[in-house]
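Working notes, beginning with the structure itself.
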Amino acid sequence: MTRRPTLRCTLAAVAALAAAFGGMAATAPAATARTPGTASTPLTPELEKIRAAEAVKLYGDAAERPLGQRKSALISLGDSEISGEGVGTYEPGTNGPSNWCHRSPDAAIHRTSIPADVTYNVSCSGASTPNIRIGGSKQYADELVQSDNLAVKARNTRIKMVLLVAGANDDLQFGPVMTDCVTRYLTLQGPCEPKYTPGWQARVDGLVPKVEQTVRDLRTVMTGAGYADGDYKLVVMGYPSPIGPDFEDNPNFPGKIPGGCVGHTSDSAWGRNTAVPAFERGMRKAARNSGALYLDNSRLFHGHEVCMEDTWARGLYIDLSKPGMPDENSVRQSFHPNQRGHGAFASCLSQFYASGYGEAGCADPASTGSPVLTKGGWDDAFRPLRGEATGTCLDAYGASSRDGTKVGGWDCAGSRNQEWAYDAGTKALRTGLTHDRCVDVPGGTYRAGAAVVLWNCHGGANQQFARSGSAFRPVAADGLCLTLASAKDAARLQKCDGSASQRFA
């Protein structure tokens with residue numbers, strides 16, 4: 001039986017998180033590069049045997065059919081973020097004791113609305129790029145290298161989309177970092193941010209070429225299987241932040257330990273505001289450099305993080321249901337997308353596939369539970385708003401995104417709390433800190449001198465502004481304008497007069 005962890009049990013098991021998040025190792029080369037559009041190249045005898053057996057299950061015989069005569073398929077490769085780790089229900093043979101890939105029948109690849117006859121999930125919890133690439137290493141004895149698995153599936157079906165989610169278990173070592181941050185909190189040590197900030201960008205820089213080469217290897221596999229580049233879509237999907245610092249705004253906040261959002265609040269802010277955005281920029285670079293499509297999900301879980309309302313991620317979780325627990329495998333489901341999170345991934349993938357975009361971002365802009373796709377990566381959407389009269393920038397004071405945070409002028413520093421995005425569709429003005437906080441007129445009190453604040457985005461009238469040139473007017477009171485009267489004054493509503501204090505560049 002699975003039991004809710006006590007503090008004692010949490011302290012006993014948390015050190016095992018490091019091994020649970022780590023990569024493993026080991027298989028043989030897949031097909032080599034060749035001219036697109038011709039017949040597939042031969043597989044190794046071992047892989048051909050596997051291919052033939054799978055063909056029999058699909059079609060009743062072992063023949064390799066022409067591309068146009070095959071069943072259509074989607075396939076996901078990568079690590080725990082996309083395998084289904086954290087959902088709680090797993091395919092037989094992937095939930096221990098000798099294989100911990102934790103592939104879930106509820107994983108995103110099985111739940112999109114993209115038309116396909118077959119969906120394959122060959123990703124595996126703990127995978128790093130050497131477990132995916134041509135000539136890489138197996139994680140478990142009964143697993144193939146993921147590129148070999150792709151080579152088999154690509155010859156038996158007509159692959160429409162190859163989804164890759166990988167990189168967190170390479171130089172970044174995101175799991176062990178999370179483990180250390182949780183451990184430091186539970187053992188009454190200081191925050192982990194000062195320890196990891198100085199070398200974080202170097203870690204990101206180290207993983208970029210590895211993800212790039214992985215994409216190129218997958219292209220080579222597909223070419224070897226007889227595909228031209230235009231026959232399928234190769235999508236690199238980024239990672240959302242599973243935890244943020246705003247959980248106390250949740251009216252039903254259960255507490256850090258019961259809710260699983262265990263860690264220093266400042267570390268949660270660093271992860272959401274610094275660590276994950278740097279990771280995303282690296283993943284976007286890798287996708288661009290290798291010619292893959294890119295889906296930016298860095299903001300997808302904003303408002304749905306661990307301990308928030310309608311969470312899309314599982315927090316610190318200890319499974320004591322198996323003999324020998326706790327060990328590193330009893331906690332490996334922690335800080336991964338839950339069933340709802342995979343539903344969000346599936347929605348974003350479906351929208352992205354249909355969009356034709358080369359890059360797009362996905363988020364839930366009004367906490368409706370329904371993700372919305374936007375063309376371009378999120379780095380393109382947010383920028384500073386500089387007051388024309390003051391030369392200072394609109395700032396979320398204290399780099400906070402809690403409900404009620406004051407908004408006003410401050411010296412421009414290029415920081416994330418001075419980045420803003422205006423959404424012409426919803427008429428919302430969002431802070432760069434989180435997609436879940438919008439500029440808000442408290443209580444809908446439209447009067448001269450009223451100061452604006454940040455508040456949980458809900459799409460209400462008091463969060464709707466019309467942009468008129470470089471001025472912002474409340475939709476419900478278009479005679480008032482957002483005003484920055486002096487360099488470090490609060491941003492207030494004042495009667496529109498066309499002055500420089502009401503213009504933001």
Side-chain angles (χ1 to χ4, degrees), residues 17-25 77-83 85-86 123-133 136-137 139 146 163-184 191-215 217 236-244 263 267-290 292 294-301 305-306 313 328 331-337 345 377-379 416:
L17 275 165
F21 279 110
M24 308 252 183
L77 303 92
D79 57 28
S80 56
E81 191 71 11
I82 200 63
S83 72
E85 179 77 87
S123 57
C124 185
S125 180
S128 57
T129 55
N131 306 131
I132 306 170
R133 290 185 52 192
S137 53
Q139 285 183 258
Q146 291 183 34
L163 173 63
L164 175 67
V165 184
N169 293 327
D170 288 86
D171 302 63
L172 204 68
Q173 291 292 290
F174 199 79
V177 171
M178 288 283 291
T179 300
D180 187 35
C181 295
V182 170
T183 302
R184 292 174 68 86
C192 64
E193 174 188 357
K195 177 179 177 180
Y196 292 107
T197 295
W200 193 253
Q201 188 59 52
R203 292 184 182 220
V204 172
D205 293 342
L207 71 86
V208 168
K210 296 174 182 177
V211 174
E212 289 177 14
Q213 189 56 53
T214 302
V215 173
D217 279 8
V236 170
M237 190 177 85
Y239 296 71
S241 178
I243 190 168
D267 288 338
S268 300
W270 172 74
R272 187 196 66 185
N273 299 340
T274 302
V276 169
F279 186 18
E280 283 305 314
R281 289 191 292 272
M283 294 291 286
R284 189 183 192 190
K285 180 179 179 181
R288 282 183 167 181
N289 289 351
S290 58
Y294 182 59
L295 178 57
D296 181 355
N297 278 344
S298 59
R299 292 173 169 269
L300 181 58
F301 285 13
E305 300 102 327
V306 178
E328 68 272 12
V331 291
R332 64 186 308 130
Q333 299 184 66
S334 304
F335 305 111
H336 286 91
F345 285 166
W378 290 125
D379 283 350
R416 198 169 172 89

If we ignore hydrogens and angles and just use 3.5 Å, is the side chain of [X] paired with the main-chain N or O of [Y] as donor and acceptor?
X      : Y      : result
Gln146 : Gly78  : yes
Ser334 : Val331 : yes
Asn169 : Ala127 : yes
Asn273 : Ala269 : yes
Gln139 : Ser125 : yes
Glu280 : Val276 : no

Point to revise | side chain to side chain contact (heavy atoms under 4.5 Å, CB included) between Ser80 and Arg332, worked out | key: CA-CA 9 Å; Ser80 56; Arg332 64 186 308 130; over 6 Å; no
Nearest-0.5 Å distance, [atom1] of residue [X] to [atom2] of residue [Y]:
X      : Y      : atom1 : atom2 : result
Leu77  : Thr129 : CG    : OG1   : 12.5 Å
Asp79  : Cys124 : CG    : SG    : 9.5 Å
Arg272 : Thr274 : CZ    : OG1   : 10.0 Å
Gln173 : Thr179 : CD    : OG1   : 10.0 Å
Thr214 : Arg133 : OG1   : CZ    : 5.5 Å
Cys192 : Met178 : SG    : CE    : 9.0 Å

Point to revise | Whether Tyr196 and Trp270 hold their rings parallel, tilted or perpendicular, with breakpoints at 30° and 60° | key: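 Plane angle under 30°, so parallel.
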Check your understanding: Within a strict 4.5 Å, meaning less than it, do heavy atoms of the Asp180 and Lys195 side chains meet?
Key ->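 Heavy-atom side-chain distance check passes, below 4.5 Å.
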Point to revise | Test item: His336 and Pro242 side chains (from C-beta on) under 4.5 Å apart, heavy atoms | key: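 They are not in side-chain contact.
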Point to revise | Option passing ring-ring contact (aromatic ring centres under 6.0 Å, His included) with Tyr239 (candidates Phe279, Phe335, Phe301, Phe174) | key: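 Exactly one option meets the ring-ring contact (aromatic ring centres under 6.0 Å, His included) with Tyr239, and it is Phe279.
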Practice item. Please test Leu172 against Trp200 for side chain to side chain contact (heavy atoms under 4.5 Å, CB included), starting from the C-alpha separation and ending with a verdict. Key: CA-CA 8 Å; Leu172 204 68; Trp200 193 253; 3.4 Å; yes
Practice item. Scan residues 199-210 for pairs that pass salt bridge (Lys or Arg N to Asp or Glu O under 4.0 Å), counting only residues two or more places apart or in two chains. Key: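 Sorted result for residues 199-210: Asp171-Lys210.
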Practice item. Could you check Leu295 against Val236 for side chain to side chain contact (heavy atoms under 4.5 Å, CB included), going step by step and ending with a plain yes or no? Key: CA-CA 6 Å; Leu295 178 57; Val236 170; over 6 Å; no
**Study point:** Salt-bridge contact Asp267-Arg184 (side-chain N to carboxylate O under 4.0 Å)
**Key:**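 Judged by the 4.0 Å cut-off on N to carboxylate O distance, Asp267 and Arg184 do not form a salt bridge.
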Point to revise | Non-neighbouring partners of Arg281 that pass salt bridge (Lys or Arg N to Asp or Glu O under 4.0 Å), sequence neighbours left out | key: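 Arg281 satisfies salt bridge (Lys or Arg N to Asp or Glu O under 4.0 Å) with no residue once adjacent residues are dropped.
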Exercise for review: Please name all residues satisfying ring pair (Phe, Tyr, Trp, His ring centres under 6.0 Å) with Tyr294, sequence neighbours left out, ordered by chain then number.
Suggested key: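 Result, ring pair (Phe, Tyr, Trp, His ring centres under 6.0 Å) vs Tyr294: none returned.
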**Study point:** Test log, rule side chain to side chain contact (heavy atoms under 4.5 Å, CB included), inputs Leu164 and Met237
**Key:** CA-CA 6 Å; Leu164 175 67; Met237 190 177 85; over 6 Å; no
